[in-house]
Amino acid sequence: MSIRIIKPGLFSTIQDIGRYGYQKEGFSSAGALDRYSYRLGTQLIGNEGPAIEATIIGPTLQFLEDNTVVITGAEFKATLNGEPISHQTVVQVYKGNVLALNAAITGARGYLHFGHPIDVPEVAGSYATHTRTKMGGFHGRALRKDDMIPVHYNNDYRRHVGYTSDLDLIHEGTDAIRVVEGPQYDSFPDASHEGLVSEPFEISEQSDRMGFRLKGASIPPTDSADIISEPVALGSVQVPNDGNPIVLMNDKQTVGGYTKIATVCQSDLSVLAQKQPGQKVNFEWVTVEEAIQHLDDYNKGFEASLEAIEKEPLFDMREMRTTSKRISELLEGDE
């Protein structure tokens, strides 16, 4: 059983929640840039299989066997056999069907989860792709035209057909990204501290899964930006000598030798991940205590929403009717 990639999209990789416990050996965590949208997909589809992470322009793929699929994260102009399909809704697909994500309407990164989940080798406890080290996912690289992605057979793959969610995880109107003081905060003058939060920064076209390069006010350190290499955290805001900040993302290096003025709060990394190049963000200083409290409150609400999907599911009745009609046609022998 497999899925054929007709068009790979801009940058599509297989991801899961990430690879942890190996940074001391020099391997980054990789994994879904938007962890919350990824987890929403696993809850809706009903399995823990990895997903395809699509970036801005999504892939087009053909199902070589019956399956189910759900798209979470960025909302795309997605079609199934040329007809629009609902976002964040588990859809039944049949052998020969073609799913095209097309361009993103809101957000930047979407996640395709399948009822018959993707079957790729587990590497160091994860299926996540890290393209720079060619580790994990499908041959350690982004997907290409005519790739055949194998899937596991799952007896319960139809169990969540019609499940839907109205949870808004893109936060399209949110451009305030919370940050706490970084390890070298005191190496920057007050003007740079203020410059980080006083004017918006634009996400550069050079941004990728390793880091988001920002264009805006120059916020250089007092002296040289070069320091002895040390471990860097997910969300670290590095500032090299040119004064242009870089937010380190999932495919970051594990150590770095630039000053770090700030660290993006964990709860806001997924918000940042859904911003496209050219969009602007504002940073806001918060205390570590405020960051922890916000993360705790947000996670509690999110976990409650996931639990409700299983206990009190919402259904998209259009998908239920479509599936019922198709099953009736098959039983009657009307292909």
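Note that this is a predicted model, so its numbers are computed, not measured. For the single chain, residues carry numbers from 1 onward in sequence order.
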**Q.** Evaluation steps, side chain to side chain contact (heavy atoms under 4.5 Å, CB included), between Val247 and Phe283
**A.** CA-CA 12 Å; Val247 182; Phe283 292 104; 4.3 Å; yes
Quick one: does any side-chain atom of Gln88 pair with a main-chain N or O of Leu167 as donor and acceptor, under 3.5 Å? yes
- Task: Say whether, by atom type as modelled, one donor and one acceptor occur between the side chain of Asn67 and the main chain of Gly115 under 3.5 angstrom.
- Result: yes
Next item on the list: Verify, without hydrogens or angle tests, whether Ser192 (side chain) and Pro221 (backbone) share a donor-acceptor contact under 3.5 angstrom.
Entry: no
| said: I'd like to know if the side chain of Asn81 reaches the main chain of Val98, judged simply by a donor and an acceptor atom lying under 3.5 Å from each other, with no hydrogens or angles considered. | reply: yes
Test salt bridge (Lys or Arg N to Asp or Glu O under 4.0 Å), reference Asp208, set Arg132, Lys252, Arg109, Arg213, output is Arg132
* Asked: Side chains of Ile3 and His116: does their closest heavy-atom pair fall under 4.5 Å?
  -> no
Check the side chains of Asp119 and Tyr127 for a donor-acceptor pair under 3.5 angstrom, ignoring hydrogens and angles.
no
Looking only at heavy atoms, the pair that brings Pro59 and Ile52 closest together is CG-CG2, 4.5 Å
Going by distance alone, is a donor N or O of one side chain under 3.5 Å from an acceptor N or O of the other, for Lys215 and Gln206? no
### Query
Are a donor atom and an acceptor atom from the side chains of Gln15 and Thr13 found within less than 3.5 Å of each other?
yes
When you measure from the side chain of His160 to the backbone N and O of Leu44, does any donor-acceptor pair fall under 3.5 Å?
yes
Check whether more than 12 heavy atoms from other residues, nucleotides or ligands sit under 6.0 Å from atom CD of Glu199, and answer yes or no. no
Using a 4.5 Å cut-off on heavy atoms from C-beta on, say whether the side chain of Asn154 contacts that of Phe114.
no
Q.
I want to check something: taking the side chain as every heavy atom from C-beta on, are Val120 and Thr129 in contact at a cut-off of under 4.5 Å?
A. no
With sequence neighbours left out, the residues meeting side chain to side chain donor-acceptor pair (under 3.5 Å) with Asp146 are Arg4
Do other residues, nucleotides or ligands put more than 12 heavy atoms under 6.0 Å from the CZ atom of Arg144? no
Mind checking whether Asn241 and Ser224 have side chains closer than 4.5 Å, heavy atoms only? yes
- prompt: How are the rings of Tyr38 and His113 set relative to one another: parallel (under 30°), tilted (30 to 60°) or perpendicular (over 60°)?
  reply: tilted
After noting the C-alpha distance and the side-chain angles of Arg178 and His294, does the key distance pass the side chain to side chain donor-acceptor pair (under 3.5 Å) rule?
CA-CA 10 Å; Arg178 284 169 282 254; His294 179 267; 2.8 Å; yes
Item to check | Side-chain (Gln274) to main-chain (Ala108) donor-acceptor, under 3.5 angstrom | outcome: yes
- Message: Whether the side chain of Thr222 engages the backbone of Ser187 through a donor-acceptor N/O pair (distance < 3.5 Å, no angle test) should be reported.
- Response: yes
Fill in: Validation row: Leu112, Leu99 side chains within 4.5 angstrom (heavy atoms)
yes
When you measure from the side chain of Tyr111 to the backbone of Asp34, do you find a donor-acceptor pair of N or O atoms at a distance under 3.5 Å?
yes
Using a 4.5 Å side-chain heavy-atom cut-off and chaining through intermediate ILVMFWY residues, the residues clustered with Ile57 come out as Leu10, Ile56
**Asked** Can you say whether the rings of Tyr163 and Phe315 are parallel (under 30°), tilted (30 to 60°) or perpendicular (over 60°)?
**Response** perpendicular
*Would you check, one step at a time, whether the test side chain to side chain contact (heavy atoms under 4.5 Å, CB included) holds for His87 with Ile71?*
CA-CA 6 Å; His87 185 55; Ile71 306 167; 4.3 Å; yes
* Asked: Got Asp226 and Tyr258 here, is their nearest side-chain heavy-atom distance under 4.5 Å?
  -> yes
Quick check against the 3.5 Å criterion: does Gln43 have a side-chain atom that pairs as donor or acceptor with the backbone of Leu306? yes
Note: with side-chain heavy atoms under 4.5 Å as the link, the other cluster members for Phe11 come out as none
Practice prompt. Kindly check if the number of other-residue, nucleotide or ligand heavy atoms within 6.0 Å of CD (Glu75) is above 12?
Written response: yes
Is Ser28 close to His130 at the side-chain level, that is, under 4.5 Å between some pair of heavy atoms?
-> yes
pair Tyr36-Ile170: side-chain heavy atoms closer than 4.5 Å: no
Check your understanding: Does Lys95 offer a backbone N or O that forms a donor-acceptor pair with the side chain of Asp66 under 3.5 Å?
Key -> yes
